[in-house]
Each structure stands twice: as C-alpha cells, then as structure tokens.
There are 2 protein chains.
Amino acid sequence: MPSAPKLSDQLCFAAYSFTHALNRAYRPLLEPLGLTYPQYLVMLVLWEADGQTVKEIGERLKLDSGTLTPLLKRLETGGYLTRQRGRQDERQVIVNLTNEGKALSEKAAEIPTALGCAMGAEFAEISELREHLLTLRDRLVEAGCAVGEVEG
Amino acid sequence: MPSAPKLSDQLCFAAYSFTHALNRAYRPLLEPLGLTYPQYLVMLVLWEADGQTVKEIGERLKLDSGTLTPLLKRLETGGYLTRQRGRQDERQVIVNLTNEGKALSEKAAEIPTALGCAMGAEFAEISELREHLLTLRDRLVEAGCAVGEVEG
DNA sequence: CGTAATTAAATTGCGCGCAATTAATATGGG
DNA sequence: CCCATATTAATTGCGCGCAATTTAATTACG
C-alpha cells in the first residue's frame with residue numbers, strides 16, 4: 001500500500017484521539033455531578049444564559065435536535081432543567097434550569113482547573129491552541145468541499 | 001451562575017467541535033469509498049501493516065474490542081477484510097485485507113490533501129498542531145486524575 | 001500435572017451524533 | 001383569507017465509544 005495515507009501524519013487522528021482522551025478524563029470528574037460530557041456542555045451553555053430554545057443551544061454547540069432532544073429529556077428527568085413550549089411561538093421549546101441545575105454550577109467550578117492541571121499546560125498555551133482549533137473548525141465548516149494540497 | 005465555567009474558555013469544547021467538523025468534512029469524501037471515519041482509521045492502520053490482531057489495531061487507535069468487533073464485522077461484510085482466529089494463539093483474531101481492501105488505498109490517497117486544503121493550512125502548521133495535540137493527549141492519559149491550576 | 005490467574009474477543013447496554021423523515025406551527029404571497 | 005413555504009422539535013435508524021460482563025484460550029504456580 002505505497003500510496004496509502006499514514007495514520008501518524010493525520011491531524012484528524014490526533015484531534016480524534018485527543019478528544020477521546022479528554023472525554024475519558026472528564027468522566028470521573030463529571031460522574032459525581034451525574035452528567036455526561038455532552039450534558040455538561042449543555043449545562044455550560046445554560047449557566048451562561050438560562051431560558052434558551054433548543055435551537056439556540058444547538059447553534060452554540062453545533063448539535064441538532066436529534067441529539068439534543070433525548071439529551072435534554074434526560075437532564076429533565078434528572079431534575080436539572082425544565083422544557084416548555086414557547087408562548088408566542090409554539091414551535092419552540094424553552095429550556096430553563098431548576099434550582100438544582102443552577103446549584104450544580106458551583107460543583108462544576110473546579111473542573112476546568114483539574115483538566116488544565118492534568119494536561120500540564122499554561123493558560124496561554126491552552127488559549128492559543130483553543131483559538132487555533134476554532135479557526136480551523138470554522139474554515140472546515142465554510143469549505144465543506146474542495147481538493148487541494150496538504151495533509152488532513 | 002457567577003462561578004460557572006464559560007464554554008468559550010474551554011479547550012475541550014474547541015477540540016470537541018473541531019473533531020465533529022472534521023468528521024462532517026470527511027463524510028462526503030469517504031462515502032464513495034463506503035467507509036465511515038472510524039472505519040477509515042482502521043483501514044489506515046491496516047494499509048500500514050496488514051495481518052494485525054484486534055488488540056494491536058485497538059492499541060494503535062485507542063479503541064477496545066467493544067468498538068472494534070462490530071466495526072470489523074461490517075468491514076468484513078463489505079468485503080474489505082477477513083477475520084480469522086490465530087493458529088498458535090486461538091484467543092487472537094487476525095485481520096487481513098482483501099484485494100479490494102488493499103485497492104481502496106489508492107482511492108483514499110487524495111483524501112488528506114482535500115482536507116488540508118479545506119482547512120487552508122500549511123503542512124508545517126498542521127504538523128505542529130498534530131504533535132501538540134498528541135502531547136497533551138498523552139499527558140491526559142498519564143494523569144487521569146489530579147486537581148490543579150489552569151483552564152481545561 | 002491441575003488449578004488459579006491472566007489475556008483476547010465478543011457481548012450487552014446505554015448515550016451520543018447525525019441523516020432523514022414527520023408533525024405542528026408560523027409566515028408570506030396572491 | 002387561503003394556500004404554499006419556512007421553521008422548530010420530535011422521531012427513527014444506524015454506527016460509534018465505552019463500561020461491564022462473559023466466554024474461551026493461555027500462562028503461571030504450587
């Protein structure tokens with residue numbers, strides 16, 4: 001297989017396995033809160049601004065209702081939020097935190113710290129890497145197609 | 001929620017959404033080959049070295065048999081590889097590419113190029129970012145625990 | 001030897017992630 | 001006003017990822 005791309009050359013695999021490693025690192029930290037990692041992301045969005053629609057949450061996290069609806073139902077069952085149809089527009093579903101859901105943010109406060117430590121990285125380094133990834137992500141979303149000249 | 005971590009501060013979310021964007025960018029490129037992205041990764045591993053065990057493939061990709069067994073069965077059904085118990089150690093399953101599976105590497109040759117172009121990134125930039133992510137990944141795997149001082 | 005401990009895959013169960021479809025509501029044009 | 005079109009969620013189906021368990025084969029130990 002002389003022409004085959006090499007795994008070790010792939011940025012995509014590095015990102016893929018880094019993400020999985022992050023997920024595994026989060027698991028024991030989130031388990032005491034009763035959250036999975038995607039559920040934690042939804043809570044982050046709601047802690048920043050309560051009362052958002054499913055659509056708004058989805059835009060923020062780049063997820064659709066196929067993923068969010070069952071996830072939100074589980075968080076509702078867990079007592080962290082409520083879901084109710086909008087009054088002026090009944091197509092929308094507004095998601096509100098319960099007191100329990102709001103209180104959870106305090107327990108979650110130390111999680112980023114723990115992760116940063118586990119990675120042994122400085123704030124500036126993390127920050128730069130984050131922006132780099134978001135830039136490339138946005139270019140990927142924008143491109144969607146094309147055939148060009150470098151490693152993927 | 002004054003103490004809550006912010007989504008925009010999170011490296012984890014940047015990596016998470018970058019990975020999903022990559023996945024979506026790969027989809028239309030891999031569909032003509034009849035592969036999903038994880039299946040493509042397995043093929044990359046086998047194109048580099050045919051005849052590996054499930055364990056070896058899993059170590060390379062950081063995946064376990066719970067993920068690999070059904071995935072490999074699908075690739076077997078698709079005619080890209082065969083799975084057979086090892087002769088000298090019957091606990092192992094050796095995975096071999098079929099001619100069709102080997103031939104697929106040629107069609108896949110242009111994929112990394114297309115992705116690199118879609119990201120609009122130089123080889124050096126990609127390369128550096130890749131190493132950075134792998135370094136942090138390995139630190140995460142090594143740490144597994146701890147509570148420290150920076151953003152995650 | 002023979003039994004205990006170890007190892008490799010497979011299986012089970014659950015939660016994403018996403019494409020595709022459906023249902024209900026809202027909007028805009030004639 | 002009515003109907004075609006848009007939009008928002010929900011639903012369905014499938015393929016990961018992974019923890020936990022099970023099964024089978026190998027190795028280590030007394």
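A, B, ... follow the sequence lines: proteins, then strands. Residue 1 opens every chain. Only this structure's heavy atoms are used, side chains among them; waters, hydrogens and symmetry mates stay out.
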- Message: Without decimals, in angstroms, what is the distance between B:Lys73 NZ and C:dA9 C1'?
- Response: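 Going from B:Lys73 (NZ) to C:dA9 (C1'), I get 9 Å.
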- Rounded to the nearest angstrom, tell me the gap between atom CG in B:Leu72 and atom P in C:dA10.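 After rounding, the reported distance stands at 8 Å.
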- Item | Side chain to side chain, A:Thr19 and B:Phe18, heavy atoms closer than 4.5 Å |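 A:Thr19 does not reach B:Phe18 side chain to side chain.
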Quick one: [atom1] on [X] to [atom2] on [Y], what's the gap to the nearest 0.5 Å?
| X | Y | atom1 | atom2 | result |
| --- | --- | --- | --- | --- |
| B:Leu11 | A:Leu133 | CG | CG | 6.5 Å |
| A:Leu104 | A:Leu97 | CG | CG | 9.5 Å |
| B:Arg27 | B:Leu35 | CZ | CG | 12.5 Å |

- Query: When you measure from every atom of DNA chain D, which of residues 42-56 of chain A have a heavy atom less than 4.0 Å away?
  - Reply: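 Residues of residues 42-56 of chain A that come under 4.0 Å of DNA chain D are, in numerical order, A:Thr53, A:Val54, A:Lys55.
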- Query: Would you say the base of C:dA9 and the side-chain of B:Thr69 have a donor-acceptor pair closer than 3.5 Å?
  - Reply: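 In this structure, the two groups form no donor-acceptor pair.
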My understanding is that only residues two or more places apart in sequence, or in another chain, count here; which of them pass side chain to side chain donor-acceptor pair (under 3.5 Å) with [X]?
| X | answer |
| --- | --- |
| A:Glu76 | A:Arg83 |
| A:His20 | none |
| A:Lys102 | none |
| A:Glu128 | none |

- Based on the glycosidic angle (syn within 90° of 0, else anti), state the conformation of D:dA6.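 D:dA6: syn glycosidic orientation.
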- Task: List in chain and number order the residues that pass side chain to side chain contact (heavy atoms under 4.5 Å, CB included) with B:Glu125, two or more places apart in sequence or in another chain; answer none if no residue qualifies.
- Result: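 Per chain and number, B:Glu125 pairs via side chain to side chain contact (heavy atoms under 4.5 Å, CB included) with A:His132, A:Leu136, B:Ala121, B:Glu122.
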- Could you tell me whether the side chains of B:Arg74 and B:Thr77 share a donor-acceptor contact shorter than 3.5 Å?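 The answer is no; no qualifying pair exists.
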- Interface with DNA chain C, restricted to residues 81-96 of chain B and to heavy atoms under 4.0 Å: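 Listed by number, they are B:Arg83, B:Arg85, B:Arg91, B:Gln92, B:Val93.
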Would you tabulate the pairs of protein nitrogen or oxygen atoms and nucleotide nitrogen or oxygen atoms of nucleotides 1-5 of chain D closer than 3.5 angstrom?
none

- Could you please spell out the steps behind the side chain to side chain contact (heavy atoms under 4.5 Å, CB included) verdict for A:Leu81 and A:Asn96? CA-CA 5 Å; A:Leu81 51 80; A:Asn96 285 287; over 6 Å; no
- Query: Does B:Tyr40 have any ring pair (Phe, Tyr, Trp, His ring centres under 6.0 Å) partners at least two apart in sequence or in another chain, and if so, which?
  - Reply: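 Per chain and number, B:Tyr40 pairs via ring pair (Phe, Tyr, Trp, His ring centres under 6.0 Å) with B:Tyr26.
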- Task: Can you see which heavy atom on A:Pro5 is nearest to which on A:Gln10, and at what distance?
- Result: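 Taking every non-hydrogen atom into account, CB-NE2, 3.6 Å.
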- Query: Closest heavy-atom contact between A:Gly79 and A:Thr98?
  - Reply: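 In terms of heavy atoms, the two residues are closest at O-OG1, 2.6 Å.
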- Message: How would you summarise protein contacts on nucleotides 12-19 of chain D per nucleotide, using B for base, S for sugar-phosphate only and - for none, with heavy-atom distances below 4.0 Å?
- Response: ---SSBBB
- Task: Among residues two or more places apart or on two chains, list those pairs meeting salt bridge (charged side-chain N to carboxylate O under 4.0 Å, His left out) that have a residue in residues 58-71 of chain B.
- Result: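 Counting only pairs at least two positions apart or across chains, the salt bridge (charged side-chain N to carboxylate O under 4.0 Å, His left out) contacts touching residues 58-71 of chain B are B:Glu48-B:Arg60, B:Lys55-B:Glu59.
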- Message: Taking the axis from the first five pairs and the axis from the last five, what angle separates them in the helix from C:dC1-D:dG30 to C:dA24-D:dT7, rounded to 10 degrees?
- Response: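 Inter-axis angle at the termini of the helix from C:dC1-D:dG30 to C:dA24-D:dT7: 10°.
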